[in-house]
K.L.:
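What follows is a structure written as C-alpha cells; I'll ask about it next.
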Amino acid sequence: MAAATAHSSGMLEPAVECMPRAELNAYHDDKLAELSRLAYGRAPLLTRLWDEAGVRPADIRGRADFSARVPFLTKDMIRDYRSAYGAPFGGLECRELTALDGVFTSSGTTGDATFFAEEWPDGWSPHWLGATRALYGAGIRPGDYMLVGSTGMRGPHAQLAQLLGAIPIFVGLTDPQLLEVIERYRPAFMSLVGFTALELLELSKSVDIKQTFSCFKVIGFAGEPLGMAMRERFAAWGIELLTWSTAGDVSLCFECLEHDGMHMWEDTGFFEVLDVETGQPVEDGGVGELISTSLCNTIAPLARYRTEDLVRVTREPCACGRTHLRQWPVGRLGDLMVVRGVSVTPSEVWRALETVPETSAGVFQIVKTGTRMERLTIRVGYDADQAADLADLRARVGAAIWAQLAIEADLELMTTGQLLARSTTGKIQRVVKA
Amino acid sequence: MNLRDTLSANLALPRAPLAGVGWVELADGRVLAPISWADAEADADWASSVLAGYGIGRGDHCLFATTGSEYWPLQVGAAVTGLGGFIGNIGAAAYEDRRLSVYLRFLPPKVIFGLSEKLAAKVAGSADLAALVAKVPQVLALPAAVPVLAGAGITARAISPVGPALALPCADGDGSHLDGGQFSLAQPAGTRSITVSTTTSREFRLAGAEVSTKGTVLPGCACGRPGPVLDLR
C-alpha cells in the first residue's frame, strides 16, 4: 500500500496513512524525544511538572521512557496555571505570541474554555488541514461544493473546502435558503454538529430528505455520539454519515467509509489509552482514558494530557488499509456514576429513550449529585408534535428506563426545544450538576 | 511527514474555479453570490490596507465573533494574519458570552470584529463583561449591536456587509469605508437606502441595486482614504 501513488489509491497521503506500525513507532520515538527537548525549559508548567517528577529531556529516548517517566497534565492544571500567572496557554507556551496565527478553544462544557495555539503553514489552518485526508478518502474531489458555516469558533471553515480544491458555500444549517442552495449547487459535503442533526429531523416533516440530500457523498457528524435510532434514520434517508471528533485535542479524527472506528492520525499526535483504575495501558479493544501528546504543535504542545475521554481503541489496520489507531468514543470520565449500586452511563439512558418514539431523538440530561447516588433524575426532551398524553409518556419512558437499567427514575419531561434552550455551550450536556 | 507535507498534498490538487459562494443581501431578498479567487485576493488586500491603520502586527490578537456562515470574516481574517496578527474565534450566539469572557480575561484582543446584537445584549447585561469589553481598544460590531453597546457605555463602530462589499471603519474616522476600487454607492435623495454597483472585474455583478443595509453616504472621511464612506448608525 505504501507504494501507491498519491490520489490513485483514493487516499491523499497513502504512504503516511498506511505507514507500517514499526515505522510509526520509530517516528514516535524520534518525535517524543524532540518534543521533550522543545518543551522542557520553555513551557513553564511542563518544566515544573517534569522537575517535580525528576525528568530531564535526556531521559526521554522514545515511547517507553515517555510513558514511564513523563507526568500527566490535566485541564485543571492548565486552568490553574493560567489563573495564577495570567499565561494564556496555561504554562504550555514554548514560544512567544508572535508565532501565532490562530487560537481556538475547547468547548468549555466543564468550566472555562482553554486555548489551543496554532501556527498556520502558508496561511492554512492546521485544524482544517487535519480533516482533509478523511474527506478526500470519502470521495470529496476538486470542483465539488461543500457547505461551510456550521461553526464560527474554529476559524476559517471555508479553508477545509479550499484545501481540497472544492468550493465552499457559506450557509448554515438553519439558514432559510438551505434547500435553495442544495437544489442549485448539489453539494457533496456538509457537517452536522451536535443537536443541529435535530434540524434535519424537523426538516423531514416538510421535505423529502432522501431526494433533497441525495447529492451528498457523505455528511459529517460531530459534537457527541449519535444514538442508534438517529443513525438508522439517517440510513433510511440514504445519508452516509461520517462521524468525526477531536483526537485528544491535538487534531481531528474521522471515520472512513468502512465505518469501523475513527482514524487518529498518529503523525500529528501520540496517543495512549490507560485503564482508569490501574493507570496501565489497556489491551487492544479495551476501554480506557485517552492520553494525548501533540507532535505538530511547537507553540503550546500538550504532553501526556488526560483528556477525560473514555475510548475503545485498536491498532489493528482498518479494512481500508490505513494503519493509524482507531477509536470509538465511549463517554466522559466524569459521566461515570453509580445509582443504588448500579452503574449508569448516558449511553444506556440514551438506548432506553430511543425505544420511545416521542423521545427517540435522544435529547436528555442526567442530573448528577455525586459519583454514587440514591436517585436517578433525568431531564427528558420530547417531540411536542407527537406527545399528546404526558402522563402516558412519563409511564412509557419510566418503563423503558427500568427495562434498560432496572432503576426507577425521576423524570423531568420538557419539550426538546425547552431542553436545548438550556444549553450554555451549543452542545447537549448529557450529565449536569444538580 | 508533517503538516507541511499534508499541505503540499492538498495544494497539489487542482484549485477550485471559485474561492467560494457567499450571499448578497439586497432590499428585496438574499441572493447567492460567487466569489472568484481574484475577488478574494482584492478583498483581503483592501481590508489589509484599512487595518494597517490599526497598527496590527506580530502578536496582536484580533477576535472574531461570527456565525461561520459569512464570507467577510474570511476576508478580514486573511488581512489580519497577513499583517502579522493572529485570530481568535467565538460564535455569534448569546451563549458565547462565556467564551468571550475567557478570551477577554486571558488573551485580550486589540480588535473585536463582528459582535452581534444578541451577544452585545449579554455584554450589556453583565457589568463584569462590559468592563472587559470596554478595555478593548477597537470594537467593531454589527450595526444593530452598536447602540446596545453604547447603552452599556462601550464605544463601538459599525462593520457590516453592504451587498457584496464590506463596510469597514478606518482606525480614527467616524464612518465605515468601502473598497472604491471594486464598488460604488449611490443614495436616493432624502432616504437612507443605498444602491451598490460593482466593477466589471467582479465575479458577481450589480448595477445600481438597492441593498438591505441602511445608512447615510458621507462625502468622505477625515482619514482622506479614497472610496465610499458610510454612516451606518
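Just so we're on the same page: letters track the sequence lines, and every chain starts at 1.
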K.L.:
Measuring from B:Phe106:CZ to A:Thr114:OG1, what's the distance to the nearest 0.5 Å?
P.N.:
11.0 Å
K.L.:
Quick one: are B:Leu32 and A:Tyr185 in side-chain contact, heavy atoms under 4.5 Å?
P.N.:
yes
K.L.:
Taking all non-hydrogen atoms of both residues into account, name the closest pair between A:Leu129 and B:Leu3 and its distance.
P.N.:
CD2-O, 3.6 Å
K.L.:
What pair of heavy atoms forms the shortest contact from B:Arg58 to A:Leu100, and how long is it?
P.N.:
NH2-O, 4.3 Å
K.L.:
Look up atom OG1 in B:Thr6 and atom CG in A:Asp267, then write down how far apart they are to the nearest 0.5 Å.
P.N.:
6.0 Å
K.L.:
To the nearest 0.5 Å, what is the distance between OG1 on A:Thr105 and CD1 on B:Ile90?
P.N.:
9.0 Å
K.L.:
Which atoms of B:Leu74 are under 4.5 Å from chain A, going by heavy atoms: the side chain, the backbone, both sets, or neither?
P.N.:
side chain
K.L.:
Heavy-atom cut-off 4.5 Å, strictly under: side chain, backbone, both or neither for A:Ala161 against chain B?
P.N.:
neither
K.L.:
What's the shortest heavy-atom distance between A:Gly111 and B:Arg98, and which atoms?
P.N.:
O-NH2, 3.5 Å
K.L.:
A:Ala166 versus chain B, heavy atoms under 4.5 Å apart: side chain, backbone, both or neither?
P.N.:
backbone
K.L.:
Please state whether the side chain, the backbone, both or neither of B:Trp72 comes within less than 4.5 Å of a heavy atom of chain A.
P.N.:
neither
K.L.:
Should the heavy atoms of other residues, nucleotides or ligands under 6.0 Å from CD of A:Glu183 be counted, would the total exceed 12?
P.N.:
yes
K.L.:
Does any heavy atom of chain B fall under 4.5 Å from the side chain of A:Ser83, the backbone, both, or neither of them?
P.N.:
both
K.L.:
For B:Pro14, is it the side chain, the backbone, both, or neither that has a heavy atom closer than 4.5 Å to a heavy atom of chain A?
P.N.:
both
K.L.:
I'd like to check the side chain to side chain contact (heavy atoms under 4.5 Å, CB included) partners of A:Pro44; sequence neighbours left out, ordered by chain and number.
P.N.:
A:Tyr81
K.L.:
Please determine whether the number of non-hydrogen atoms from other residues, nucleotides or ligands lying under 6.0 Å from atom NZ of B:Lys118 exceeds 12.
P.N.:
no
K.L.:
Begin with the C-alpha distance, continue with both residues' side-chain angles, and end with the deciding distance and a verdict on side chain to side chain contact (heavy atoms under 4.5 Å, CB included) for B:Val102 and A:Arg82.
P.N.:
CA-CA 11 Å; B:Val102 171; A:Arg82 184 172 70 177; 3.7 Å; yes
K.L.:
Could you tell me how the ring of B:Tyr103 sits relative to the ring of A:Phe115: parallel (under 30°), tilted (30 to 60°) or perpendicular (over 60°)?
P.N.:
tilted
K.L.:
With a 4.5 angstrom heavy-atom cut-off, could you sort out which part of A:Glu180 is near chain B: side chain, backbone, both or neither?
P.N.:
side chain
K.L.:
Has the side chain of B:Trp23 got a donor or acceptor atom that lies under 3.5 Å from a matching backbone atom of A:Phe170?
P.N.:
yes
K.L.:
At their closest point, which heavy atom of A:Leu163 faces which heavy atom of B:Leu13, and how far apart are they?
P.N.:
O-CD1, 3.8 Å
K.L.:
Examine whether an atom of A:Trp265 lies under 4.5 Å from a heavy atom of chain B, and if so say whether it belongs to the side chain, the backbone or both; otherwise answer neither.
P.N.:
neither
K.L.:
For B:His61 and A:Val103, what are the C-alpha separation, side-chain angles and deciding distance, and is it a side chain to side chain contact (heavy atoms under 4.5 Å, CB included)?
P.N.:
CA-CA 9 Å; B:His61 175 210; A:Val103 175; 5.5 Å; no
K.L.:
Based on non-hydrogen pairs under 4.5 Å, which of A:Asp175, A:Leu97, A:Thr98 is most in contact with chain B?
P.N.:
A:Thr98
K.L.:
Between A:Gly172 and B:Ser69, what is the shortest heavy-atom contact and its length?
P.N.:
N-CB, 3.6 Å
K.L.:
Check this for me: does any side-chain nitrogen of one of B:Arg99 and A:Asp112 sit under 4.0 Å from a carboxylate oxygen of the other?
P.N.:
no
K.L.:
What pairs with B:Glu210 under salt bridge (charged side-chain N to carboxylate O under 4.0 Å, His left out), at least two apart in sequence or on another chain?
P.N.:
B:Lys214
K.L.:
Between chain A and each of B:Thr81, B:Leu18, B:Leu7, count heavy-atom pairs under 4.5 Å; write down the option with the most.
P.N.:
B:Leu7
K.L.:
To the nearest 0.5 angstrom, please state how far the CG atom of B:Asp5 sits from the CD atom of A:Glu13.
P.N.:
6.5 Å
K.L.:
Which atom names give the shortest non-hydrogen contact between B:Ile87 and A:Pro156, and what distance separates them?
P.N.:
CD1-CD, 4.4 Å
K.L.:
What distance separates B:Asn89 CG from A:His157 NE2, expressed to the nearest 0.5 Å?
P.N.:
12.0 Å
K.L.:
Keeping A:Gln162 on the side-chain end and B:Ala19 on the backbone end, is there a donor-acceptor pair under 3.5 Å?
P.N.:
yes
